[in-house]
Amino acid sequence: AASTGEFLVTTGIEPRFPATGYGYIQRGEALRQVGDFALHRVVRFVEKPDAETAREGSRAGHELFGRIRALPFPTVAAVNGACLGGGVEIALHCSARTISSAVRHFACPEVFLGIFPAWGGTQLVPRLAGPAAAVKFVVANPLRQNRMLTGAEAVELGLADRLLEPVEFLDESIAFALSLADRPLE
């Protein structure tokens with residue numbers, strides 16, 4: 001039987017509204033509100049790079065990620081390519097994560113740059129993977145010539161829920177989201 005649950009699968013920088021045939025309903029308005037908010041804040045941050053705008057950008061990131069976490073349906077980050085810094089953090093804020101076996105760059109390189117993952121990475125990584133893995137992922141890897149994880153390593157550490165082959169990646173990510181859509185959120 002087809003699901004009628006709501007869910008969001010995001011790949012790259014734009015939410016994807018998959019083709020019909022899966023039998024689900026998505027709440028487009030809620031997603032547009034999240035997207036419009038993000039776009040407005042990102043444009044302001046890029047146009048005027050000063051200290052106050054940086055603080056505003058940081059707050060905006062926290063608010064945006066909070067909106068994603070507060071969506072009343074499952075969110076799945078479908079990581080099908082390089083995923084670094086804020087991309088990792090947005091994935092960590094989703095209910096679940098799928099990752100392609102072809103991914104070779106999954107990392108929080110902020111420490112390599114002399115900063116830290118400020119949009120929740122320092123709190124979410126230990127919750128998902130434990131303290132030892134968090135220290136390795138957030139601090140040790142960046143300080144070791146900015147080492148990055150592969151898709152398989154991200155799953156092994158507990159940072160992603162499913163390792164999928166590239167050929168059927170999006171279809172299997174959607175199927176995974178459908179399976180989550182019929183369950184209550186934790």
Side-chain angles (χ1 to χ4, degrees), residues 3-19 22 24-99 103 106-110 115-129 134 137-138 154 158-162 169-170 173-186:
S3 170
T4 58
E6 297 175 322
F7 65 90
L8 166 66
V9 174
T10 183
T11 62
I13 61 169
E14 81 179 84
R16 298 289 178 175
F17 297 91
Y22 288 97
Y24 64 87
I25 301 166
Q26 286 194 314
R27 185 171 299 163
E29 184 57 31
L31 301 180
R32 276 192 296 280
Q33 289 172 3
V34 168
D36 290 347
F37 174 82
L39 181 60
H40 169 73
R41 293 302 175 106
V42 168
V43 168
R44 278 195 48 127
F45 186 70
V46 171
E47 288 175 352
K48 186 181 163 200
D50 59 27
E52 181 54 37
T53 305
R55 281 188 286 277
E56 182 182 323
S58 179
R59 282 187 227 107
H62 282 283
E63 188 175 337
L64 170 62
F65 291 174
R67 285 178 178 215
I68 291 169
R69 277 192 322 276
L71 288 171
F73 44 83
T75 53
V76 175
V79 180
N80 195 19
C83 187
L84 304 169
V88 169
E89 289 177 292
I90 199 167
L92 296 174
H93 281 281
C94 289
S95 311
R97 289 145 301 283
T98 61
I99 193 165
V103 168
F106 186 86
C108 282
E110 289 88 343
I115 57 177
F116 64 94
W119 285 338
T122 56
Q123 293 82 40
L124 296 168
V125 173
R127 288 183 200 155
L128 290 169
F137 182 69
V138 174
L159 299 174
D161 301 290
R162 297 280 190 279
F169 180 76
L170 188 56
S173 293
I174 292 167
F176 178 57
L178 281 168
S179 73
L180 297 177
D182 290 331
R183 299 185 214 157
L185 288 175
E186 296 176 6

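We're numbering straight along the sequence, starting at 1.
Side chains of Val138 and Pro117 form a contact here, defined as non-hydrogen atoms less than 4.5 Å apart. Using a 4.5 Å heavy-atom cutoff, the side chains of Phe176 and Ser179 are in contact. A heavy-atom distance below 4.5 Å is not found between the side chains of Asn80 and Leu170. Between Leu92 and Leu128 there is a side-chain heavy-atom pair separated by less than 4.5 Å.
The two residues Ala177 and Val76 make their nearest non-hydrogen contact at CB-CG2, 3.8 Å. Residues Ala96 and Asp161 come closest through the heavy atom pair CA-OD2, 3.1 Å. Between Phe116 and Thr122, the shortest heavy-atom distance links the atoms CD1-CG2, 4.4 Å.
The backbone N or O of Arg162 lies less than 3.5 Å from no partner atom in the side chain of Thr98, so there is not a single donor-acceptor pair. For Ser95 (side chain) and Pro74 (main-chain N/O), no donor-acceptor pair under 3.5 Å exists by modelled atom type. Not a single donor-acceptor pair under 3.5 Å links the side chain of Arg97 to the backbone N or O of Ala78. Panel note: side chain Glu110, backbone Ile115; no donor-acceptor pair is recorded below 3.5 Å. Within the 3.5 Å criterion, the main-chain N or O of Ala118 finds a donor-acceptor partner in the side chain of His62.
Qualifying side chain to side chain contact (heavy atoms under 4.5 Å, CB included) partners for Cys83, counting only residues two or more places apart in sequence or in other chains: Val79, Val88, Phe106. Listed by chain and number, the residues in a ring pair (Phe, Tyr, Trp, His ring centres under 6.0 Å) with Phe65 are His93, Trp119 (sequence neighbours excluded). Listed by chain and residue number, Leu84, Ala107, Asn146 satisfy the side chain to side chain contact (heavy atoms under 4.5 Å, CB included) test with Pro109 (two or more places apart in sequence, or in another chain).
Atom CG of Leu180 and atom SG of Cys94 lie 11.0 Å apart (nearest 0.5 Å).
For the pair Arg67 and Glu63, the salt-bridge criterion is met [side-chain N within less than 4.0 Å of a carboxylate O].
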